[in-house]
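First the structure, in the form of structure tokens, and then the observations on it.
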Amino acid sequence: MNNPHEQPANLLNEPAGYDPNNLLDSLIERLNLKNDAALSRALEVAPPVISKIRHRRLPVGASLLIRMHEVSDLTIRELRILMGDRREKFRISDKQFKPKNAASDTASDD
């Protein structure tokens, strides 16, 4: 891997400009915390969650983003901008709203 722009294959498939470190560092500064361990306590998550996000092995999920909003008073939009998410809308796949197996739903009606 001689190209400095190449990323290891185990990293998340992420949009250009995505920087979870900026988000985490901004929260630490805003909340006057000392380190990631203090941030994990403030967010009520296990320390490995923060580490995995920082090393780009875990995305910042919706529930964690909401928790960040609750403890920081930053808007969701501000938090998304801090991590480099500049999309105007977040689109959810229509597959997430379809039942996995419609046949099993009708079988219980007998």
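As the structure is a prediction and not an experimental result, all values here were calculated from the model.
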**Prompt:** Mind checking whether Leu74 and Met68 have side chains closer than 4.5 Å, heavy atoms only?
**Reply:** no

Could you tell me which residues satisfy side chain to side chain contact (heavy atoms under 4.5 Å, CB included) with [X], sequence neighbours excluded, listed by chain and number?
{"X": "Asn32", "value": "none"}
{"X": "Val45", "value": "Ser40, Leu43, Val49, Ile50, Leu64"}
{"X": "Arg54", "value": "Asn21, Leu24, Asp25, Ile28, Asp36"}

**Prompt:** Looking only at heavy atoms, what is the nearest atom pair of Thr75 and His69, with distance?
**Reply:** CA-ND1, 4.1 Å

**Nearest heavy-atom neighbours spanning Ser26 and Leu82** = OG-CD2, 3.6 Å

Can you tell me how far [atom2] of [Y] sits from [atom1] of [X], rounded to the nearest 0.5 angstrom?
{"X": "Met83", "Y": "Asp19", "atom1": "CE", "atom2": "CG", "answer": "11.0 Å"}
{"X": "Leu23", "Y": "Leu39", "atom1": "CG", "atom2": "CG", "answer": "8.5 Å"}
{"X": "Arg41", "Y": "Leu31", "atom1": "CZ", "atom2": "CG", "answer": "12.5 Å"}
{"X": "Leu33", "Y": "Leu27", "atom1": "CG", "atom2": "CG", "answer": "8.5 Å"}

**Asked** Backbone N or O of Arg67 within a donor-acceptor pair of the Glu70 side chain at under 3.5 Å?
**Response** no

**Asked** Short question: side chain of Arg56, backbone of Pro20 - any donor-acceptor pair under 3.5 Å?
**Response** no

